[in-house]
Participant: 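Below you will find the structure I want to go over with you.
Naming convention: chains lettered A, B, ... in sequence-line order (proteins, then strands); numbering from 1 in each chain.
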2 protein chains.
Amino acid sequence: MTGTPSRAEAAGSCDGCPVREHAICAALDAAELLELNSLGRRRTLGAGESLIWEGDDPALVGTVIEGTLVMSTGTSDGREQIVGVVHPADFVGRPFGGATRHTVTALTPARVCVFSRRDFDGFAGRHPPLERKLLQHTLADLDRARSWILLLGRKNAEERVAIFLLDMSRRAASDGAVPGAGDRFELPFSRQQVADLLGLTIETVSRQFTKLKRAGLIDLPSRRAVVIRDRAALKLLAG
Amino acid sequence: MTGTPSRAEAAGSCDGCPVREHAICAALDAAELLELNSLGRRRTLGAGESLIWEGDDPALVGTVIEGTLVMSTGTSDGREQIVGVVHPADFVGRPFGGATRHTVTALTPARVCVFSRRDFDGFAGRHPPLERKLLQHTLADLDRARSWILLLGRKNAEERVAIFLLDMSRRAASDGAVPGAGDRFELPFSRQQVADLLGLTIETVSRQFTKLKRAGLIDLPSRRAVVIRDRAALKLLAG
DNA sequence: CGCTGCTTTGATTCGTATCAATAGCAGTGG
DNA sequence: CCACTGCTATTGATACGAATCAAAGCAGCG
């Protein structure tokens, strides 16, 4: 999807940044952007690499430029739960006090525009439009978190997997270059990670995948690839 | 806890408002507060009464002055899930576009300071400190939603109930007039509502309550009353 | 070609839901 | 004051879905 970064982008400027219009930065004009930019830096992450650890302090915040990341927590006895998925243009980290509660890990190679919380808080305080954009992003995150609560509280394994696949498909369609896409995509998640996201075990996820495949609703050409064959039926299962 | 409302408060002014310092209004000075106040009105709700319905539009937003409310959604086949609990000083409703996704219902008699979303959005846009406060509240809500995701995704019935009771106890202690309180409190929830909150059935909740009672960790003097007898043990169960 | 790690599949167990009945409490009217 | 009613909560028996335990299959990679 991304070609070679332009020289300006590589050098850490915001010109040609693919999320310029969608991230909170959209609230800033060129001069302000330059100022904010001088406070932060680009960070590249490999798949599996973590940006922030649970309980981290001094904390980092930032905007995802490229790649998919997850926020996760564990219970004391080792059970894991993914509590949020972070996509390009999403904001990550916890501004305004409070220790970071989650580990943030890249699932795919990723680029993030990061700031120390201190710097970011200060800058945001001087730029209300930025805070307004951040508020809007946060409200959207909260909506997503709440539908996830419904999924985890009241949906069974089949419904969870159906919802997950439709969700992934929608996202693939939205940022896919090809307009007709969305029916065929690569998951950024391993089976275990899908399980950690849906509050299930890897075995249950696997079984549900094969069940959907056998029923002809989806196809699984490779471990990470998914093809939606019968979206309507899938939506029905999603409840 | 509340005496007779002062004449000013009854008339709809903010003087002596019990959440003046904790709600988003804390960001405003006297003059601004007067202006905001002129846009809204007080609404009194009886227990069980709803303030906002799922898919509502024209939408309402506001600040809870007194009482406990819940935000809930249901699946098409009638399963219910509570996706958020709203306490005094909390903000409720969805500003900035997007249809309201949840029904908001009072569990106890409640007073809410309400605005039309349109009016509120406009006012907020002209008052950055208010938006900043709202952002902080929203970030806190998001944190709470995410710990709830962990609970629903990875905790068993016993852990869920233990966490719930400790949570309720903490809240009772924080707004209780008596400083030594927190070990004895009234639940604003029926058993069914506890079940809807914890993603369980009423029978499972009841069984866990009796189990904790028999184990001597809690006491249940009446349907809604709870006494914590062994907080340490309860914390252990909470995981 | 044979590791190594991920995924699928199978057998069984366990926790919670479901179904069904009883018990307790609050309100109502005799 | 007590029977009656309706509602909420508790308790019990059983069923079912997902977890757990265990093994085999499959891809990527030295």
Side-chain angles (χ1 to χ4, degrees), chain A residues 46-48 74-75 77-81 105 107-108 151-165 186-215 218-226 237 239, chain B residues 46-48 74-75 77-82 105 107-108 151-165 186-215 218-227 237 239:
Chain A
T75 59
D77 59 331
R79 288 169 285 177
E80 281 270 322
Q81 177 68 40
T105 310
L107 298 183
T108 65
L151 178 139
L152 294 172
R154 291 300 181 213
K155 304 277 187 171
N156 63 27
E158 185 178 62
E159 293 169 314
R160 292 185 198 193
V161 169
I163 291 169
F164 167 75
L165 289 173
E186 292 275 317
L187 294 175
F189 301 93
S190 71
R191 291 288 184 274
Q192 182 60 62
Q193 285 162 343
V194 176
D196 290 343
L197 184 62
L198 299 179
L200 301 169
T201 58
I202 184 174
E203 294 95 329
T204 300
V205 170
S206 178
R207 278 186 250 271
Q208 294 298 331
F209 270 55
T210 16
K211 198 169 71 170
L212 292 176
K213 180 180 170 176
R214 275 208 262 269
I218 62 169
D219 208 357
L220 301 167
S222 81
R223 286 185 170 184
R224 295 289 184 109
V226 178
L237 289 187
Chain B
T75 60
D77 60 328
R79 288 169 284 176
E80 282 269 322
Q81 177 68 41
I82 292 175
T105 311
L107 298 182
T108 63
L151 178 139
L152 294 172
R154 292 299 181 213
K155 304 277 187 171
N156 63 26
E158 185 178 63
E159 292 169 316
R160 293 184 197 192
V161 169
I163 291 169
F164 167 76
L165 289 173
E186 291 276 316
L187 294 176
F189 300 93
S190 71
R191 290 288 185 273
Q192 181 60 61
Q193 286 161 344
V194 175
D196 290 343
L197 184 63
L198 299 180
L200 300 169
T201 58
I202 184 174
E203 294 95 330
T204 300
V205 171
S206 179
R207 277 186 250 270
Q208 294 299 331
F209 270 55
T210 8
K211 199 169 71 170
L212 291 177
K213 181 180 169 175
R214 275 208 263 269
I218 61 169
D219 208 356
L220 301 167
S222 81
R223 287 186 169 186
R224 297 288 186 111
V226 178
V227 180
L237 289 186

Participant: What is the distance, to the nearest angstrom, from the CD atom on A:Q81 to the P atom on D:dA19?
Facilitator: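 After rounding, the reported distance stands at 11 Å.
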
Participant: Which pair of heavy atoms, one from A:L197 and one from A:Q81, lies closest together, and at what distance?
Facilitator: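 So the two residues come closest at O-NE2, 3.2 Å.
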
Participant: Locate the shortest heavy-atom distance separating B:Q193 from B:I82; write the atom from each residue and the value.
Facilitator: O-CD1, 3.5 Å

Participant: Tell me the interatomic distance from A:E158, atom CD, to D:dC16, atom P, rounded to whole angstroms.
Facilitator: 16 Å

Participant: Quick one: how far along DNA chain C does chain B reach, first to last nucleotide 5' to 3', anything under 4.0 Å to a heavy atom?
Facilitator: C:dT16 to C:dC25

Participant: Tell me whether the rings of A:F164 and A:F189 are parallel (<30°), tilted (30 to 60°) or perpendicular (>60°).
Facilitator: perpendicular

Participant: Does the side chain of B:Q208 come within less than 4.5 Å of B:K211's, by heavy atoms?
Facilitator: yes

Participant: Do B:R223 and B:L187 have side chains that get closer than 4.5 Å, going by heavy atoms?
Facilitator: no

Participant: Considering non-hydrogen atoms only, spot the tightest contact between A:R160 and A:L200 and give its length.
Facilitator: NH1-CD2, 4.0 Å

Participant: Any N/O pairs under 3.5 Å between the protein and nucleotides 7-12 of chain D? List them or say none.
Facilitator:
unit_1, atom_1, unit_2, atom_2, d
D:dT8, O4', B:R223, NH1, 3.3
D:dT8, O2, B:R223, NH2, 3.0
D:dA9, OP1, B:R191, N, 3.1
D:dA9, OP2, B:R191, N, 3.4
D:dT10, OP1, B:R191, NH2, 3.3
D:dT10, OP2, B:R191, NE, 2.7
D:dT10, OP2, B:S206, OG, 2.9
D:dT10, O5', B:S206, OG, 3.1
D:dT11, OP2, B:T210, OG1, 3.2
D:dG12, N7, B:R207, NH1, 2.9
D:dG12, O6, B:R207, NH2, 3.3

Participant: Looking only at heavy atoms, what is the nearest atom pair of B:I202 and B:Q192, with distance?
Facilitator: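 Residues B:I202 and B:Q192, closest heavy atoms: CB-OE1, 3.8 Å.
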
Participant: Taking all non-hydrogen atoms of both residues into account, name the closest pair between A:I218 and A:F209 and its distance.
Facilitator: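 The answer is CD1-O, 3.8 Å.
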
Participant: Would you kindly give the CZ-to-C1' distance between A:R79 and D:dA18, to the nearest whole Å?
Facilitator: 15 Å

